[in-house]
Amino acid sequence: MPGAWNSSGKSLFLKACSPALQAARGYARPVTRRRKDIPSQLDDLPPTMLKKDYANLPVMNSVDDVVRRLLSLEMASQKEKMKIKTQQLVEKVRRSPSDNGSFEVQVAVLTARIRMFQEHLQRHPKDKNNKRRMLMDVDKRKKLLGYLRRVRYDTFENTCKQLDIQYSLPPPYTRRVTKRWLVKKAFCIKVYQEAQKLKAAERLKQRERQARARAARGQQGQEKLAQEKQTQEGQKLAQEKPAQEGTPV
């Protein structure tokens, strides 16, 4: 048909037009999006720093430059860099060199994890699983900071200052409990309990299967040992019988 417009005719028409004419007629151009440079808490770590497992070894002073580079943060993964960053934050607030479980140390570890999740969500905003983990860590840190604020206010202030945390007070009111909210909560609890029952039954079946497999392997091992023992006894008797027959009377 003379009035038909297909893709080949359109492409030929676009090639025939000049760029200025295409821009004037409003033809779409490919959009190139630049990736944002998101600042990370790991940017201040020097690449020449050694990994956590090799930093305190005395032999590292005499190794080759190539080996030292391989064991440095330049070739390290994000998990190994996070260990160094967490250790740096813990060193700022710990009470003593042997302190590994105080409230301040727990707040420092949670702070490193929360900042890692925040950087990840800036690149991948639709990752709901990591968003849920981040919110859970935020709630844990808020509870620990609230306890420190009630019990040891000077430690609370020092922790917030060293870790650059802005603590906001909880709201002075609570949500009004409605019948719909109570029914929804009871339903969620019931669903969770049923799911836990199913998981417990599945774990019990798996343990029984593992126990039967171990028993079968043990029985097969015992039967194999008994067969080997009978074989050895038969060989021994077969060797003793010709010797007895050849002895003179």
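- Contact check for Lys92 versus Glu104: no side-chain heavy atoms found under the 4.5 Å cut-off.
- Judged purely by atom type and a 3.5 angstrom limit, Arg68 has no side-chain atom pairing as donor or acceptor with the backbone of Val63.
- When the shell of 6.0 Å around CZ of Arg69 is examined, it contains 12 or fewer heavy atoms from other residues, nucleotides or ligands.
- Scanning both residues, Asp127 and Asn130, for their nearest heavy atoms gives OD2-ND2, 2.6 Å.
- For the residue pair Leu45 and Ile84, the shortest heavy atom distance occurs at CD2-CG2, 3.9 Å.
- Rounding to the nearest 0.5 Å places NZ of Lys51 at 8.0 Å from CG of Leu70.
- Residues Met49 and Leu42 are members of one and the same hydrophobic cluster, defined by side-chain heavy-atom contacts under 4.5 angstrom among Ile, Leu, Val, Met, Phe, Trp and Tyr.
- When all heavy atoms of Thr155 and Leu148 are compared, the pair lying nearest together is CG2-CD2, 4.4 Å.
- Dense packing is recorded around OH of Tyr167, with more than 12 heavy atoms of other residues, nucleotides or ligands lying under 6.0 Å away.
- At least one side-chain heavy atom of Leu144 sits less than 4.5 Å from a side-chain heavy atom of Leu110.
- The distance from atom CZ of Phe117 to atom CE of Met136, rounded to the nearest 0.5 Å, is 9.5 Å.
- Residues Ile165 and Arg141 meet the side-chain proximity criterion, which asks for heavy atoms closer than 4.5 Å.
- Following chains of ILVMFWY side-chain contacts shorter than 4.5 Å, one cannot reach Leu198 starting from Tyr192, and the two form parts of different hydrophobic clusters.
- With rounding to the nearest 0.5 Å, the separation of OG1 in Thr159 from CG in Asp164 is 13.0 Å.
- Rounded to the nearest 0.5 angstrom, Thr178 OG1 and Lys185 NZ are separated by 11.5 Å.
- The hydrophobic clustering, which links ILVMFWY residues whose side-chain heavy atoms are closer than 4.5 Å, places Val138 and Leu121 together.
- The environment of CD in Gln219 is sparse: at most 12 heavy-atom neighbours from other residues, nucleotides or ligands sit within 6.0 Å.
- Here the options are Lys142, Lys131, Arg113, Arg132, the test is salt bridge (charged side-chain N to carboxylate O under 4.0 Å, His left out), and the partner is Asp137; only Arg113 passes.
- Within the 4.5 Å cutoff, side-chain heavy atoms of Arg149 are placed close to those of Leu169.
- With contacts defined as side-chain heavy-atom distances shorter than 4.5 Å, the pair Gln41/Met116 qualifies.
- For the side-chain contact (heavy atoms from CB on, under 4.5 Å) test, no residue two or more places apart in sequence or in another chain qualifies with Asp139.
- Residues Lys85 and Gln88 meet the side-chain proximity criterion, which asks for heavy atoms closer than 4.5 Å.
- Between the CE atom of Met75 and the OG atom of Ser77 there is a distance of 13.0 Å, given to the nearest 0.5 Å.
- Residue Leu89 is grouped with residue Phe103 when hydrophobic side chains (ILVMFWY) are merged at heavy-atom distances under 4.5 angstrom, including chains of intermediate members.
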Evaluate Met82 against Lys79 for side chain to side chain contact (heavy atoms under 4.5 Å, CB included), listing each step before the verdict.
CA-CA 5 Å; Met82 277 299 301; Lys79 185 176 180 180; 5.7 Å; no
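- Between Ala76 and Lys81 the shortest heavy-atom distance is O-CE, 3.9 Å.
- For the pair Glu74 (side chain) and Thr48 (backbone), a donor-acceptor distance under 3.5 Å is absent.
- Under the 4.5 Å side-chain criterion, counting only non-hydrogen atoms from C-beta, Leu225 is in contact with Glu228.
- Looking only at side-chain heavy atoms (C-beta outward), Gln210 and Arg214 come within less than 4.5 Å of each other.
- For the side-chain hydrogen bond (donor to acceptor under 3.5 Å, both in side chains) with Ser40, the lone residue among Gln118, Gln78, Glu119 that qualifies is Glu119.
- Rounded to the nearest 0.5 Å, atoms NZ (Lys205) and CD (Glu202) are 6.0 Å apart.
- In terms of heavy atoms, Asp99 sits closest to Arg94 at O-NH2, 2.8 Å.
- Between Thr86 and Ala112 the shortest heavy-atom distance is OG1-CB, 3.6 Å.
- For Asn56, the CG atom sits in a loose shell: 12 or fewer heavy atoms of surrounding residues, nucleotides or ligands are nearer than 6.0 Å.
- Val90 and Leu163 fall into different hydrophobic clusters, defined by Ile, Leu, Val, Met, Phe, Trp and Tyr side-chain heavy atoms under 4.5 Å apart, directly or through other members.
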